[in-house]
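Taking it in order: structure first as structure tokens, then the write-up.
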Amino acid sequence: MRVEDLWDVMEPQLSPTEKLNACFESIPVSAFPPAPSDMVIEIKSDTSLAEAVQILAQHKILSAPVVDVDAPEDASWIDRYIGIVEFAGIVVWILHQSEPPSPRTPTSATAFAAAANGVNGEIGFLGPESAAATSGNFFEALTSSHLYKNTKVRDISGSFRWAPFLALQTSNSFLTMLLLLSKYKLKSLPVVDLGEGKIDNIITQSAVIHMLAECAGLQWFESWGTKKLSEIGLPVMTPDCVIKVYEDEPVLQAFKLMRKKRIGGIPVVESGGSRAVGNISLRDVQFLLTTPEIYHDYRSITAKNFLTAVRSYLDKHHEVSPILSGMITCKKDHTMKELIQLLDSENIHRIYVVDDDGNLEGVITLRDIISRLVHEPRGYFGDFFDGVLPLPQSSRV
């Protein structure tokens with residue numbers, strides 16, 4: 001069953017938005033196209049952090065479900081999987097261990113911080129005040145440390161860096177999936193086969209955008225996709241609220257801001273101006289860990305130095321990455337259809353809205369687009385989230 005099959009048979013008195021909601025509620029998740037086999041990756045709980053980073057980088061994915069190696073063979077999916085380990089989360093967790101412990105920090109965490117600090121005398125603590133002093137060989141020392149090589153993925157289970165393992169069943173609806181990927185801020189959703197107790201598919205925000213791009217030309221999509229961004233209320237964020245980092249600031253500041261503000265990317269702005277010269281996203285953290293040697297000649301790793309070093313490395317090795325594209329921008333008079341096709345073709349997670357002079361006016365993410373597609377009916381999720389993750393403040397559950 002497809003949306004276009006349902007569109008014409010829905011009650012005529014329904015608004016376009018209500019019709020879309022009803023259509024998506026009628027389609028099971030089992031109808032969503034399967035992810036490529038190299039995208040459905042699981043990481044064992046006894047995998048080291050260093051190995052986990054390599055696995056995620058190799059498959060070009062941001063996160064993966066973690067399988068408990070101690071679970072019995074006939075375990076249910078609830079007992080088989082212990083969480084989602086996020087690529088950027090591994091790095092932020094390691095850096096967090098290197099910061100000075102709070103007086104209220106538990107003893108075990110203090111011991112970990114001490115171990116991290118003992119990696120190399122040059123590393124020291126990673127407080128905000130020392131970020132600017134991070135030398136070009138900092139990450140070489142970090143990635144060769146005992147802490148990085150020997151800590152297992154299961155050792156950080158339950159840390160604040162982990163995402164909950166919230167899975168869909170094949171009988172759940174597209175509406176449930178779209179709401180979880182937008183309003184509830186999940187970037188990917190495993191789909192579990194209850195019979196096998198294993199993951200059958202993984203649906204990401206990017207996969208949804210690709211699905212929408214392939215719907216171009218269909219009646220339901222054209223009636224929604226031909227609207228201009230300004231008509232549909234995008235961008236949500238005003239220019240003065242855009243979180244940014246200046247090109248001469250340390251790159252760690254960019255990642256610290258992403259962690260603090262819970263965002264997936266940040267524009268790099270020219271010093272003393274408002275024109276963006278590049279973008280750093282959470283996925284780019286991998287270049288600090290997998291290629292630490294490329295910063296060796298820099299006295300400090302600023303945002304500008306980071307972009308320059310990574311782009312040079314990728315060009316030299318003929319590798320493809322969104323970071324090579326520079327700034328992908330649009331204007332408020334673009335349509336949703338144009339925006340979706342651009343995000344899909346460039347394989348990026350956000351696009352920056354600029355004025356005629358190239359000054360930043362806002363940012364639009366994949367989540368922003370999906371959230372404009374559906375709305376949550378009152379009481380829709382019931383007890384779906386019990387004990388799994390906190391609800392957003394605007395939830396009407």
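For the single chain, residues carry numbers from 1 onward in sequence order.
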Donor-acceptor check, side chain of R283 to backbone of L62, threshold 3.5 angstrom: yes or no? no
Please check this pair: side chain of S312 against backbone of T308, looking for a donor-acceptor N/O pair closer than 3.5 Å. no
Atom CD1 of I43 and atom CD1 of I61: how far apart are they, to the nearest 0.5 Å? 6.5 Å
How close do I202 and V40 get, heavy atom to heavy atom, and via which atoms? CD1-CA, 4.1 Å
Closest non-hydrogen contact found for P33 with N201 is O-ND2, 3.3 Å
Set of residues satisfying side chain to side chain contact (heavy atoms under 4.5 Å, CB included) with respect to S171, sequence neighbours excluded: Q169
List for me each residue that meets salt bridge (charged side-chain N to carboxylate O under 4.0 Å, His left out) alongside D356, sequence neighbours excluded, and say none if there are none. K331
Stepwise side-chain contact (heavy atoms from CB on, under 4.5 Å) check, L307 with I280: CA-CA 8 Å; L307 290 173; I280 297 176; 3.9 Å; yes
Separation of M258 CE from I243 CD1 (nearest 0.5 Å): 11.5 Å
Could you tabulate the donor-acceptor pairs under 3.5 Å formed by side-chain atoms of residues 45-52, not counting sequence neighbours?
| residue | atom | partner | partner atom | Å |
| --- | --- | --- | --- | --- |
| S45 | OG | V67 | O | 3.4 |
| S45 | OG | V69 | N | 3.1 |
| T47 | OG1 | K44 | O | 2.9 |
| S48 | OG | E51 | N | 3.1 |
| S48 | OG | E51 | OE1 | 3.2 |
| E51 | OE1 | S48 | N | 3.0 |

Measure the shortest side-chain to side-chain distance between D68 and D79 over non-hydrogen atoms and say whether it is less than 4.5 angstrom. no
Going from OG1 on T176 to CZ on F24, what distance comes out if it is rounded to the nearest 0.5 angstrom? 12.5 Å
Please check if any side-chain donor atom of H296 sits under 3.5 Å from a side-chain acceptor atom of E140, or the reverse. yes
Between L366 and D368, is the side-chain contact (heavy atoms from CB on, under 4.5 Å) condition met? List the steps. CA-CA 5 Å; L366 304 187; D368 293 332; over 6 Å; no
Any side-chain heavy atom of K187 within less than 4.5 Å of one from T204? no
Taking the side chain as C-beta and beyond, is there a heavy-atom pair between E247 and F306 under 4.5 Å? no
Are any non-hydrogen side-chain atoms of L288 and L142 less than 4.5 angstrom apart? no
Which heavy-atom pair separates C330 from I351 by the least distance, and what is that distance? CB-CD1, 3.9 Å
Spatial distance of atom CG (L168) from atom CD1 (I203) [nearest 0.5 Å]: 6.0 Å
Sub-3.5 Å donor-acceptor pair from the side chain of R350 to the main-chain atoms of I364, do we have one? no
Are there more than 12 heavy atoms of other residues, nucleotides or ligands under 6.0 Å from atom NZ of K332? no
Output yes when a side-chain donor or acceptor of Y352 lies under 3.5 Å from a complementary backbone atom of N279, and no otherwise. no
So does Y148 get a backbone contact from the side chain of T151, meaning a donor-acceptor N/O pair under 3.5 Å? no
Any side-chain heavy-atom pair of E361 and V354 under 4.5 Å: no
Could you verify whether a donor N or O on one side chain and an acceptor N or O on the other, from T302 and Y246, lie under 3.5 Å apart? no
Go through the steps to decide whether L179 and F381 satisfy the test side-chain contact (heavy atoms from CB on, under 4.5 Å), and finish with yes or no. CA-CA 10 Å; L179 287 171; F381 280 104; 3.9 Å; yes
Do any N or O atoms from the side chain of N305 and from the backbone of S300 form a donor-acceptor pair under 3.5 angstrom? yes
Which pair of heavy atoms, one from V29 and one from S173, lies closest together, and at what distance? CG2-O, 3.5 Å
Would you indicate whether the side-chain heavy atoms of I301 and L252 approach each other to under 4.5 Å? no
Using a 3.5 Å cut-off and no angle test, enumerate the donor-acceptor pairs between side-chain atoms of residues 313-321 and protein atoms at least two apart in sequence or in another chain.
| residue | atom | partner | partner atom | Å |
| --- | --- | --- | --- | --- |
| H317 | ND1 | Y313 | O | 2.9 |
| S321 | OG | I323 | N | 3.4 |

Tell me the salt bridge (charged side-chain N to carboxylate O under 4.0 Å, His left out) pairs involving residues 268-278, sequence neighbours left out? E270-R275
Is it true that D344 and H210 share a donor-acceptor pair across their side chains at a distance under 3.5 Å? yes
Scan for ring-ring contact (aromatic ring centres under 6.0 Å, His included) pairs involving residues 30-61, sequence neighbours excluded, and state none if there are none. F32-F174
Heavy-atom closest pair (R372 atom, W224 atom, distance to 0.1 Å) is O-NE1, 3.4 Å
Sidechain-backbone polar pair: N172 side chain, M177 backbone, donor-acceptor under 3.5 Å: no
Looking only at heavy atoms, what is the nearest atom pair of D155 and N150, with distance? OD2-O, 4.4 Å
S281-D284 side chain donor-acceptor pair, cut-off 3.5 Å: yes
Side-chain contact, heavy-atom cut-off 4.5 Å: P377 with E25? no
Any side-chain heavy atom of V363 within less than 4.5 Å of one from P267? no
Backbone N or O of D357 within a donor-acceptor pair of the D355 side chain at under 3.5 Å? yes
Kindly compute the distance separating CG (L178) from CD (E376), expressed to the nearest 0.5 Å. 12.5 Å
Kindly compute the distance separating CD1 (I263) from CG (L257), expressed to the nearest 0.5 Å. 7.0 Å
Kindly determine whether T365 and Q205 satisfy side-chain contact (heavy atoms from CB on, under 4.5 Å), including the steps that lead there. CA-CA 10 Å; T365 66; Q205 292 177 340; over 6 Å; no
